[in-house]
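Scroll down for the structure; my scribbles are underneath it.
Below, each value reflects all heavy atoms present in this structure, side chains not excepted, and no hydrogens, waters or symmetry copies.
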Amino acid sequence: MSNPKTPMEETTYDYIAVEQKWQHRWFKENINTATKEKQKKFFIHFAYPGVSGYLHVGHMRGFTYCDVIARYKRMTGYDVLFPAGFHASGIPSVGFAKKVERQDPDTLRLLRQNGCTEECINNLTDPLEVVKYFSTVYVDDYWKRFGYLIDYTRVMNTISDGYKKFIQWQFHQLHDKHLLIQKPHYAPFCPSCGPVAVDKSETDVSQGGSAEILDFTVLKFTLKDGTILPAATLRPETIFGVTNMWVNPNVEYHFVKVNNETWICSEECIKKLTYQHDLVQPLKKTIKGTELIGKTCIVPEVNREVPILAGVFADPSVATGIVMSVPAHAPYDWIALVESKASIEAIKIIDVKGFGSNPAKEACDQLGIKSQTETEKLNEATDLVYKKEFHTGILNEKCGQYAGIRISEIKDTVKNNLIQRNLATTLKEFSEPVICRCKEKVMIKQIPDQWFIKYSDAQLTQESKDAVLSMNIYPQEYKDELPKILDWFGDRAAIRRGSWLGTEFPYKKDWIIEPISDSTLYPAYYIISPYVNHKKITVKEMTDEFFNYVFLGMGSPKQEIWKTIKSDFDYWYPVDINLGGKEHKTVHFPVYIMNHVAIMPEQKRPHGIFVHWWVTQKGKEKISKSKGGAEPIVEAAVTYGVDAMRLYYLHIGSPFVDIEWDPETVLKYKNRILNIWRLIQQITSLEDATQENLDNWLKSTLQRHVQKTLDAFGTWDLRVASNEIFFEIQKDLQWYLKRGGADKKLLTEYARIWILLMTPITPHLAEELWETQGYPSFVSNEVYPEFKLKDISEKDEIGEYLLTRVVEDVNEILKVTKMTPKKICIYTSPAWKQNIYRKALQQSAEKTFNVGQLIKETLSDPMMKPLGQQVSQFVAKIAPEVKMLSDLDRSRFLIVLDEKAHLIDAKPYLSQVLHCPVEIYSADDTDLYDPAKKTKFAYPLRPAIYIE
RNA sequence: GCAGGGGUACCCGAGCAUGGUCUAAGGGGUAGGGCUUAGGACCCUAUGACGCAGGUCUCCGCGAGUUCAAAUCUCGUCCCCUGCACCA
């Protein structure tokens, strides 16, 4: 580590040493521990990460936002509570342990790469060890490594005994408030492993992670002898158009007893039925498809007798294996009917614009479909007909009581009526095969008395929507979206029996509360966790009574420590910002709000939510470990430096867009960190010199940037804030130096403020610079700069504006004329023009501007009389632009500036950048050198130019 | 199906709520020049077209409309993306 007393060489900046040095000091002096001192508090946290293995650079984006906000708040007069923990519940750590257990080569390689010893790896077959191991990795290698001022005394996880007591209390509360309900539920289930998760990450399954659950309606067609021929459909309303049935002649169908009915269906179907229906009993009797063909059956509801025909497309593995035929509306059925050559009339039951007497036929004709084997085209035709009919179709007179109603409105009613009258039932099925990791086929199983949290509760929903109105939610779009999400958010199955981690559900033995439901009130637990961690309260003492007292203010304290904890809770709660990725928008955040509304007192409801988008791989692909993913965090920290990465996250895009990880880009930020380091070294070693106008300009623009930065932080517009601090300020400073500015005192102060500004974003760089500038103590503990109006000098701002315009104009002329200048003359506008211009601006601001009026007014002055023509030309010329000026420009142009004096001041600079002698005149000067009569083109803030 | 997001220059990406200062910030890339070199560096200039005096024309997915004025408002249209529940 470098010697802290001697500043580093001007050209070297050992960021790794700097990072270590300051992190060591911060944590040694515990500046990150939350304290109650300032009577103003700010509670921020990020949605704790699930313990699923090593994280990648994408995860650091949100964490970094959190730290920047927390650091900003602590510098602006708040006690900040920034805790963190681990979401250990659920499958991830179990899945990880399983991978280690089955010696998954990728997993083992990853562990070894990250320096995990063989002994350690052996331990990781236990999910609890996985949680323990990665908790350390997250804290030491990620969070501390990035300089986050997290209060590490509060670290907790969701499978600790104390947390479990907290969750049980939560569920007792929900139960008391009648928000726990029981009803049937259908969930993926593996015959040998039990419940499995079907999701895109494919933790539990080896195939079919993106399968959807389809909800078939099974219609009970009856044979002559009363046996039921169950046909499964996704369009129960088309029952009125059934003309026949399809059974596969090559399949042997099975008899099965369902309740008291006898069904005929495929063998695969029986298995599904047993998982989803009570009293399913296979009968040892089968019937060949061919034997069914030629028989007839009765269509339920309609009571029509229809024939059973041969259809090879009837797949025994799909639903019941028996298909009803609606040839007017289902292209498959139409083509099969044509191919069967049966003389059956299609029955049209849906009127829909754009189709005639047989939509299915017309769609088939349109796509040129000739055979049942053209499945791709048939699917397209089905899609086409279905979409059109669903949205614009109306059931016609053949549909009895439902005639005249839109499909989209009546579909569910038809279905429910049929089910109610025992003419139909349901069958759920995956849209594609789903295979468990154990190679078994995953089924859908009914859980008759599943416990749900009743998020559909009308009052809870309404109160939650009301709560959202007064919350600070970033981005605004999400605030607008949230009420709709809350409306749409349905009951959530809250428990599961299977091998995963979590809290035991108090009302059903051996069932575990699922991970979303156990992370809704958890920020409140951060208030308690330090007392648990320091053994100031035992798990045994954390009774419902304790939680009731601390959180709800109910009852009286049993111990002194209860009072202490409650006073902490009352000081810190509620949360000011809960920050999480966009994946939480429709999952975590709604339940976070709703549980607070349901359980916590009104004044403890959340104050704010901040949603950030993701870091993706090239091509907007989600970073995934399986695909190689982005760079590991520790490696990246070494390559780029932590401050560079922090700045990268802040500046590369708005928090509300996905950003693509690109190593080249991160390097640019690394360079910028280095440049700033050098620039500050450089400016404090300049030869002292003052230039009043220029110095005042620098002071003034700095305040503009301070103001913009504060405004941006005010709305957590982190990108704008970082842009001001790391780009705009630097740009101004460079202009100042280029102009020859070198006021030592000013530059010292400028550097001081600049370092303060950058502290929340690049704290290590800031601390190091702070120290080299000779300031004692931590800059992290300093007060953030405030806007100082007295430093604003509009006159000098406008002066520099004039100067840049002159340079631009000269360059423009040189470019067009391709001249090489020998001498450049600049003529500022005469006083009379400036007077008129100002008058015009004032009048325009007061909306009294009138060209004729102003000319008359001006010429009433006898001194102006001789200039009559010039005056009228000038006024006419400026009229349109004066009207269009913004308020900002108007006030800028109204400032009185001695243009000539300012330009003369800058003469050395002008001749330097223009590479030739420059002469400055005012149009009012008596001894003008103006061979080309350019003077008359001079306008206020737009001097005339003559180039030789 | 339900709910939501988005199309801006070579690329990324601001702007759009509150129309005018928008050829459209910032960053990157590219080209030319400087620095005679700080570490994958730094500085300047150019980067829609045209223009021999600081200007003109075109332009924000596509097509209309409102307006003195549209990237911004309205309507239509095409295309892309995300989530949908026991994965967090």
Open item on the list: Testing the basics here: between A:L941 and A:R805, what is the closest heavy-atom pair and its distance to 0.1 Å?
Closed with: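 Heavy atoms only, the tightest pair is O-NE, 3.6 Å.
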Describe the nucleic acid contact of [X] in one word from base, sugar-phosphate, nothing, applying a heavy-atom distance below 4.0 Å.
{"X": "A:P943", "result": "base"}
{"X": "A:V807", "result": "nothing"}
{"X": "A:K731", "result": "sugar-phosphate"}
{"X": "A:I485", "result": "nothing"}
{"X": "A:T665", "result": "nothing"}
{"X": "A:V913", "result": "nothing"}
{"X": "A:S654", "result": "sugar-phosphate"}
{"X": "A:I945", "result": "base"}
{"X": "A:I516", "result": "base"}
{"X": "A:V657", "result": "sugar-phosphate"}
{"X": "A:A187", "result": "nothing"}

Side chains of residues 585-595 of chain A: which donor-acceptor partners sit under 3.5 Å, not counting sequence neighbours?
from: A:H588; atom 1: ND1; to: A:S519; atom 2: O; distance (Å): 3.3
from: A:H588; atom 1: NE2; to: A:N578; atom 2: ND2; distance (Å): 3.3
from: A:N595; atom 1: OD1; to: A:Q170; atom 2: NE2; distance (Å): 3.2
from: A:N595; atom 1: ND2; to: A:Y455; atom 2: OH; distance (Å): 2.9
from: A:N595; atom 1: ND2; to: A:V591; atom 2: O; distance (Å): 2.9

Roughly how far apart, to the nearest Å, are [N] and [M] at atom [atom1]?
{"N": "B:G48", "M": "B:U36", "atom1": "P", "answer": "31 Å"}
{"N": "B:U21", "M": "B:C57", "atom1": "P", "answer": "15 Å"}
{"N": "B:A9", "M": "B:G4", "atom1": "P", "answer": "28 Å"}
{"N": "B:C11", "M": "B:U30", "atom1": "C1'", "answer": "11 Å"}
{"N": "B:C52", "M": "B:C43", "atom1": "C1'", "answer": "30 Å"}
{"N": "B:U56", "M": "B:C62", "atom1": "P", "answer": "25 Å"}
{"N": "B:U23", "M": "B:C60", "atom1": "C1'", "answer": "10 Å"}
{"N": "B:G27", "M": "B:G76", "atom1": "P", "answer": "40 Å"}

Task: Under 3.5 Å donor-acceptor pair, A:K815 side-chain atoms to B:G51 base atoms - done: yes
Of all the nucleotides listed ([options]), which has the minimum atom distance to the side chain of [X]?
{"X": "A:R492", "options": "B:G13, B:A85, B:G51", "value": "B:A85"}
{"X": "A:V816", "options": "B:G26, B:G51, B:C42", "value": "B:G51"}
{"X": "A:K670", "options": "B:A41, B:C52, B:G40", "value": "B:G40"}
{"X": "A:I813", "options": "B:C44, B:A14, B:G54", "value": "B:G54"}
{"X": "A:T639", "options": "B:G40, B:A85, B:C52", "value": "B:G40"}
{"X": "A:K668", "options": "B:G29, B:G26, B:G54", "value": "B:G29"}
{"X": "A:Y946", "options": "B:G51, B:C42, B:A53", "value": "B:A53"}

Grab the [atom1]-[atom2] distance between [X] and [N] for me, whole Å please.
{"X": "A:K708", "N": "B:A25", "atom1": "NZ", "atom2": "C1'", "value": "9 Å"}
{"X": "A:F727", "N": "B:G26", "atom1": "CZ", "atom2": "P", "value": "11 Å"}
{"X": "A:E477", "N": "B:G4", "atom1": "CD", "atom2": "C1'", "value": "11 Å"}
{"X": "A:W488", "N": "B:C84", "atom1": "CH2", "atom2": "C1'", "value": "5 Å"}
{"X": "A:R739", "N": "B:C43", "atom1": "CZ", "atom2": "P", "value": "19 Å"}
{"X": "A:E660", "N": "B:C12", "atom1": "CD", "atom2": "C1'", "value": "8 Å"}
{"X": "A:W614", "N": "B:A88", "atom1": "CH2", "atom2": "C1'", "value": "11 Å"}
{"X": "A:Y592", "N": "B:A85", "atom1": "OH", "atom2": "P", "value": "25 Å"}

Ignoring backbone atoms, test whether [X] places a side-chain nitrogen or oxygen under 4.0 Å from the OP1 or OP2 oxygen of [N].
{"X": "A:K484", "N": "B:G4", "result": "yes"}
{"X": "A:N723", "N": "B:G26", "result": "no"}
{"X": "A:Q734", "N": "B:C43", "result": "yes"}
{"X": "A:N811", "N": "B:G54", "result": "no"}
{"X": "A:K934", "N": "B:G54", "result": "no"}
{"X": "A:R942", "N": "B:G55", "result": "yes"}

Task: Quiz item: cation-pi between A:K738 and A:W735, 6.0 Å / 45° - done: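 The answer is no; the distance or angle limit is not met.
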- [ ] Test the A:R61-A:Y649 pair against the cation-pi criterion, namely NZ or CZ under 6.0 angstrom from the six-membered ring centroid and within 45° of the ring axis.
- [x] no
If [N] has a Watson-Crick or G-U wobble mate with both distances under 3.5 Å, name it; if not, just say none.
{"N": "B:A85", "value": "none"}
{"N": "B:U77", "value": "B:G61"}
{"N": "B:A46", "value": "B:U30"}
{"N": "B:A53", "value": "none"}
{"N": "B:A41", "value": "none"}
{"N": "B:C22", "value": "none"}

Is the closest side-chain donor-acceptor distance between [X] and [Y] under 3.5 Å?
{"X": "A:E583", "Y": "A:W614", "result": "yes"}
{"X": "A:D518", "Y": "A:T158", "result": "no"}
{"X": "A:H705", "Y": "A:E724", "result": "yes"}
{"X": "A:Y15", "Y": "A:K670", "result": "yes"}

TODO: Could you pick out which residue, A:W613 or A:G653, lies toward the 5' side of RNA chain B when each is mapped onto its nearest nucleotide?
DONE: A:W613
Task: Upstream residue (5' side of RNA chain B) when A:F390 and A:A944 are each assigned their closest nucleotide - done: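 Result: A:F390.
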Open item on the list: Tell me if the centroids of the rings in A:Y522 and A:Y48 come within less than 6.0 Å of each other.
Closed with: yes
Open item on the list: Give me each pair satisfying salt bridge (Lys or Arg N to Asp or Glu O under 4.0 Å) with a member in residues 86-97 of chain A, each pair once, sequence neighbours excluded.
Closed with: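 The answer is none; no pair qualifies.
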